[in-house]
Enquirer: 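So that we are looking at the same thing, I have put the structure below in structure tokens.
Order of the sequence lines fixes the chain letters, A, B, ..., with proteins taken first and strands second; residue numbering starts at 1 for each chain. Values below: all heavy atoms of this structure, side chains included; hydrogens, waters and symmetry mates excluded.
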Amino acid sequence: MSILAQLRQDISETVSAVYKTEMESSQIALSHTIKEYGGDYTYVVFPLVKSLRQSPPVIAEAIGTHLAESSKYVKSFNVVKGFLNIEVSDLFWSQVLSDSNNSDYGIQPSNGKKMMVEFSSPNTNKPLHLGHIRNILLGWSTAQLAKANGYEVVKTQIINDRGIAVCKSMMAWTLMGEGKTPESEGIKGDHFVGEYYVKFDKAFQEEYLNWQSTEEGVSVYNTSQKENEVQEHFFKRFKNNYFNQYSKLGIASKEMLLKWEAGDPEIKALWEKMNGWVYSGFNTTYDALGVDFDSTNYESDTYLLGKEFVEEGITRKVFYKEPDNSVWADLEDAGMDKKIVLRSDGTSVYMTQDIGTAHQRYADHKMDNLVYVVGDEQDYHFKVLFEILKRLDEPYAANLFHLSYGMVDLPTGRMKSREGTVVDADILIKEIIDEARKSAEARGGLEGVADKEKEEIYRKIGLAALKFFIIKVTAKKRMTFDPKESVDMQGQTGPYVQNAYVRIRSILRRLDEDMQAQLTDYNLADYKGDFHESERDILLQLETFPVIISDSLKKYDPSLMANFCYSLAKAYHRFYHDCRILNLEDQDLKKMRLILSKSVADVLSRSMKMIGIEMPEYM
RNA sequence: GGCUCCUUAGCUCAACUGGAUAGAGCAGCUCACUUCUAAUGAGCAGGUUUCAGGUUCGAGUCCUGAAGGAGUCACCA
């Protein structure tokens, strides 16, 4: 039991002793006391007023008095209105310190459950961008947090490697590629293929524009336009029809898709070659971000899944068939619409695939929980998917979660690929590491460090700045990404947190072996001194670590962990400024502060790791 | 138009899920390095939490309505 839980227990026992009322200790809500008042933790007694029929100050006073006598964790108390402010004893602090000094502090033992987390899930026609980075960081953090909470974790992604979009870049390369490859051009594979996707679009636009003034184009406009519709408007609306019915490029791409579906060996070979380029590009980006996956699904393998399972669902009355043979789920009694799950020609839609993939994943992994990290534009889709899986009695259906996150905007507005404002992941990563290098060189704190190690440090600092900037924002909120602010390394940033760690490591490096041995053997119960205000601030933070680990997973909100990292680092920076450590006469005080520092370093390093951020030893 | 989400300091974000006088960072203005890393610390200034009602001991948080923004309502993914 944590020290705070014991304090809660003491309070609950006090309430029952004084008022003969039973109260679950888990019901006792303690908050940190606000700076202006004396005390460390505050117990709000207002909720007791009704049942006890006494005024709030009287209740608080009575509980405080009894508590101060009965609990060894309580030093003193004061009452302001209905707020009982408790000042905890030095024993409380030293036990928090001793708890946090364990290498598994806050980590839950295995709970025997398996959580699958799907994230990233890119398309193979363009490189990863800023939006993917937010997705990846959320998914990765969720996976780390799940591990810390005792789950076995399977990190997974599903790659959108087929369909008309993929055929467009294949078509463009066939027509305009001249046999070039990423190697021959010295370009990363995903960027290379992405360029052909763009080339296709350009060529198509040009083709379309030319067609509009041909005899055919003019005649289509004259016969299909709405009353007095201007040409520009009509042709904007007509684009998809043009692609499907008139465009040489469009028709060729569609033919390619059909050939692909029929298993045409030539097309498949081209497809495999180009996707191979893309994957090697993706892997470079994943490596740069320091993430990996335990399993990968390809849409080309899963896009036919689900059809049989849906057929089965018809007999189980989860779905019904329309006269035209299309299959639907009627979710109106659950406040949703009717949703199609099989087209009238028997082919599947996105929903069918997702049903099938979930079913298949359970067959493969027997996971208890399944989390999808997907943008909030798909909120409704997942609401429907989860309802359908529930009706299909899938065993994991009660433990599905859509970790929905808001779009990343730029200061200039939304990223738009057509306007070329999309922030590319690779470029962003490179720029931020360059920025870290610039800052570090300007400071000149890394003299004597080997060049190779320096680069590693710049990488860690740059990525910390980028990742922290993104992950500190609550997932479901839309966020603004200002490239200028994201390279900041001061204030509420990743490097600020890293700096607290580096300062501690620098101190610990100076200890001789004798002192290190003494620290390992030191029993904090021997420390008889009291705790400085800035030490108590640190301990107050350290105490919350286990709760943060559990809350940030329960709420699927890694920003809680990021904010914890910042608070702890902030408390340490202040302590570092206020208190000396190495040149202290008082050996007990010195050892206590060293242990405190070491605990902070360990907790910082582990908590940052949970949000995907590594710590440098120097900076 | 129906449904869902968002709106907190000039800017970017917090607020332990209903608790005290709403907190940080950035930007601005002061101050502190012969000291364990100044990528730091201390201070000043910055607020009618979009608006109007309601619920109660108590509301940024819950309810109703309004305004502004976004998403979604395809036999697209």
Side-chain angles (χ1 to χ4, degrees), chain A residues 29-37 42 44 46-47 49-50 55-56 80-83 85 123 160 163-165 240 299 303 322 324-328 335-337 340-351 353-354 375-381 383 404 406-407 409 411 414 436 439-440 442-443 445-446 461 465 469 472-474 476-482 484-486 488-500 502-510 544 547-548 551 555 559-560 563 566-567 569-570 572-583 593 597 618-619:
Chain A
L30 289 178
S31 51
H32 292 169
T33 303
I34 292 174
K35 272 265 154 61
E36 287 76 5
Y37 300 87
T42 295
V44 181
F46 285 109
V49 170
K50 232 173 211 168
S55 77
V80 181
K81 292 187 280 184
F83 300 94
N85 300 319
N123 301 323
N160 255 286
I164 193 68
N240 265 346
E299 203 203 342
Y303 82 110
E322 285 283 343
D324 69 354
N325 265 334
S326 59
V327 179
W328 298 73
M336 290 170 247
D337 300 321
I340 192 157
V341 289
L342 280 180
R343 294 190 186 106
S344 49
D345 62 5
T347 55
S348 22
V349 293
Y350 186 40
M351 190 62 74
Q353 255 186 71
D354 272 0
D376 63 6
E377 69 271 16
Q378 293 193 38
D379 282 355
Y380 184 67
H381 172 80
K383 205 177 155 199
S404 161
M407 194 147 292
D409 288 322
R414 201 177 161 163
S439 299
R443 292 183 69 236
L446 291 175
I461 296 173
F469 187 85
K472 74 174 181 189
V473 182
T474 307
K476 77 169 177 181
K477 282 202 186 173
R478 235 182 140 89
M479 68 173 288
T480 306
F481 183 90
D482 187 337
K484 277 202 207 89
E485 282 180 27
S486 72
D488 275 350
M489 316 237 162
Q490 276 145 21
Q492 199 173 48
T493 66
Y496 172 96
V497 180
Q498 290 178 321
N499 185 233
V502 165
R503 285 176 141 185
I504 298 170
R505 299 300 300 167
S506 171
I507 291 173
L508 297 178
R509 241 179 269 122
R510 288 161 199 268
T544 64
V547 179
I548 298 289
D551 273 9
K555 295 171 187 165
S559 75
L560 295 175
N563 288 318
Y566 173 69
S567 298
K570 189 177 164 63
Y572 191 84
H573 277 306
R574 190 181 160 180
F575 160 75
Y576 184 90
H577 181 265
D578 290 349
C579 302
R580 300 273 84 200
I581 301 171
L582 283 177
N583 53 1
R593 285 185 176 168
S597 299
Y618 310 87
M619 65 192 290

Enquirer: State the pairing partner of B:rU8; accept Watson-Crick or G-U wobble contacts with both distances under 3.5 Å, and report none otherwise.
Expert: none
Enquirer: Compare side-chain N and O positions of A:Lys484 against OP1 and OP2 of B:rC11 and report whether any pair is under 4.0 Å apart.
Expert: no
Enquirer: Scan A:Asn85 against the nucleic acid and name what it touches under 4.0 Å (heavy atoms): base, sugar-phosphate only, or nothing.
Expert: base
Enquirer: Could you state the atom-to-atom distance from OH of A:Tyr380 to P of B:rU4 in whole Å?
Expert: 12 Å
Enquirer: Classify the glycosidic conformation of B:rU17 as syn or anti, calling it syn when the angle lies within 90° of 0.
Expert: syn
Enquirer: Give one of base, sugar-phosphate or nothing for A:Asn123, where a contact means two heavy atoms less than 4.0 Å apart.
Expert: nothing
Enquirer: Expressed as a whole number of angstroms, how long is the span from A:Met336:CE to B:rC73:P?
Expert: 15 Å
Enquirer: Compare the minimum distances between each of B:rU40, B:rA20, B:rC13 and the side chain of A:Thr480, then state the nucleotide with the smallest one.
Expert: B:rC13
Enquirer: Could you check whether A:Arg509 makes a cation-pi contact with A:Tyr618, meaning its NZ or CZ is under 6.0 Å from the centre of the six-membered ring and within 45° of the ring axis?
Expert: yes
Enquirer: Please check the phosphate of B:rA20 (OP1 and OP2 only) for any side-chain N or O of A:Thr33 closer than 4.0 Å.
Expert: no
Enquirer: Below 4.0 angstrom, N of the basic side chain to O of the carboxylate: do A:Arg574 and A:Asp578 qualify?
Expert: yes
Enquirer: Taking the side chain as everything from C-beta on, heavy atoms only, tell me whether A:Met479 gets closer than 4.5 Å to A:Met407.
Expert: no
Enquirer: Does OP1 or OP2 of B:rA38 have a side-chain N or O of A:Arg503 closer than 4.0 Å?
Expert: yes
Enquirer: Below 4.0 angstrom from OP1 or OP2 of B:rU40, is there any side-chain N or O of A:Lys570?
Expert: no
Enquirer: Does B:rA14 have a Watson-Crick or wobble mate here (both distances under 3.5 Å), and if so which one?
Expert: none
Enquirer: Answer yes or no for this row: A:Phe46 ring on B:rC57 base, centroids under 5.5 Å, planes under 30°.
Expert: yes
Enquirer: Looking only at N and O atoms, is any donor in the side chain of A:Thr42 or the base of B:rA20 less than 3.5 Å from an acceptor on the other one?
Expert: yes
Enquirer: If we call it a pair only when both distances are under 3.5 Å in a Watson-Crick or G-U wobble match, what pairs with B:rU34?
Expert: none
Enquirer: May I ask you to say what A:Val349 touches in the nucleic acid, namely base, sugar-phosphate or nothing, with a heavy-atom cut-off under 4.0 Å?
Expert: sugar-phosphate
Enquirer: Consider the side chain of A:Val473, meaning its heavy atoms from C-beta on, and name the nucleotide among B:rA14, B:rG25, B:rA77 that approaches it most closely.
Expert: B:rA14
Enquirer: Look at the side chain of A:Asn563 and the base of B:rC13, then say whether one donor and one acceptor between them are separated by less than 3.5 Å.
Expert: no
Enquirer: Under a 3.5 Å cut-off for both contacts, is B:rU72 paired Watson-Crick or G-U wobble with anything, and if yes, with which nucleotide?
Expert: B:rG2
Enquirer: May I ask you to verify whether the side chain of A:Asp488 and the base of B:rA27 hold a donor-acceptor pair under 3.5 Å?
Expert: no
Enquirer: Mind checking the C1' distance from B:rG25 to B:rU40? Whole angstroms is fine.
Expert: 14 Å
Enquirer: My understanding is that a pair needs two contacts under 3.5 Å, Watson-Crick or G-U wobble. By that rule, which nucleotide pairs with B:rG58?
Expert: none
Enquirer: Taking the nucleotide of RNA chain B with the nearest heavy atom to each, does A:Leu30 or A:Glu36 sit closer to the 5' end?
Expert: A:Leu30
Enquirer: For A:Gln378, which contact category applies under a 4.0 Å heavy-atom criterion: base, sugar-phosphate, or nothing?
Expert: base
Enquirer: Does the plane of the ring in A:Phe469 sit parallel, tilted or perpendicular to the ring in A:Phe481? Use 30° and 60° as the thresholds.
Expert: perpendicular
Enquirer: State which of B:rC75, B:rC6, B:rA15 makes the closest approach to the side chain of A:Lys477.
Expert: B:rC6
Enquirer: How far does the C1' atom of B:rC13 sit from the matching atom of B:rU56, given to the nearest Å?
Expert: 31 Å
Enquirer: Report the nucleotide, chosen from B:rC36, B:rC13, B:rC75, that has the shortest atom-to-atom distance to any side-chain atom of A:Met479.
Expert: B:rC13
Enquirer: Counting any heavy atom closer than 4.0 Å, what does A:Ala165 reach on the DNA or RNA strands: base, sugar-phosphate only, or nothing?
Expert: nothing
Enquirer: Please pick, from B:rG25, B:rA42, B:rA38, the nucleotide with the shortest atom-to-atom distance to any side-chain atom of A:Tyr576.
Expert: B:rA38
Enquirer: Over how many whole Å does the gap from A:Gln498 atom CD to B:rU40 atom C1' extend?
Expert: 15 Å
Enquirer: Using a 4.0 Å heavy-atom cut-off across all strands, classify A:Val44 as base, sugar-phosphate, or nothing.
Expert: base
Enquirer: Tell me, do A:Lys472 and A:Tyr566 make a side-chain contact under 4.5 Å, heavy atoms counted?
Expert: no
Enquirer: So what's B:rC44 paired with, Watson-Crick or G-U wobble, going by both distances under 3.5 Å?
Expert: B:rG28
Enquirer: Any side-chain N or O of A:Tyr566 below 4.0 angstrom from OP1/OP2 of B:rU12?
Expert: no
Enquirer: Indicate yes or no: does A:Lys476 engage A:Asp376 in a salt bridge with an N to O separation below 4.0 Å.
Expert: no
Enquirer: Compare the minimum distances between each of B:rA14, B:rC11, B:rA42 and the side chain of A:Thr474, then state the nucleotide with the smallest one.
Expert: B:rA14
Enquirer: In whole Å, what separates the P atom of B:rA22 from that of B:rG10?
Expert: 16 Å
Enquirer: Taking 5.5 Å and 30° as the limits, would you call A:Phe83 and the base of B:rG19 a stacked pair?
Expert: no
Enquirer: Please check if the side chain of A:Thr474 supplies one atom and the backbone of A:Lys477 the other of a donor-acceptor pair under 3.5 Å.
Expert: no
Enquirer: Under a 3.5 Å threshold, yes or no: a donor from one side chain and an acceptor from the other, between A:Asp379 and A:Ser404?
Expert: yes
Enquirer: Considering only B:rU35, B:rG71, B:rU40, which nucleotide approaches the side chain of A:Glu377 most closely?
Expert: B:rG71
Enquirer: With nearest nucleotides of RNA chain B determined for A:His577 and A:Ala29 from heavy-atom distances, which residue corresponds to the more 5′ nucleotide?
Expert: A:Ala29
Enquirer: Whom does B:rG53 pair with, Watson-Crick or G-U wobble, provided both distances fall under 3.5 Å?
Expert: B:rC63
Enquirer: So which nucleotide from B:rU40, B:rC36, B:rA20 ends up closest to the side chain of A:Arg510?
Expert: B:rC36
Enquirer: Contact class for A:Ile461 (heavy atom, under 4.0 Å): base, sugar-phosphate, or nothing?
Expert: base
Enquirer: Ignoring backbone atoms, test whether A:Lys476 places a side-chain nitrogen or oxygen under 4.0 Å from the OP1 or OP2 oxygen of B:rC6.
Expert: yes
Enquirer: Examine the base of B:rC16 for any acceptor or donor lying under 3.5 Å from a partner atom in the side chain of A:Ser31, and report the outcome as yes or no.
Expert: no
Enquirer: Using only heavy-atom distances, determine whether the side chains of A:Tyr572 and A:Ser597 contain a donor-acceptor pair under 3.5 Å.
Expert: yes
Enquirer: Please check the phosphate of B:rG69 (OP1 and OP2 only) for any side-chain N or O of A:Arg414 closer than 4.0 Å.
Expert: no
Enquirer: So which nucleotide does B:rA20 pair with, by the Watson-Crick or G-U wobble rule with both distances under 3.5 Å?
Expert: none
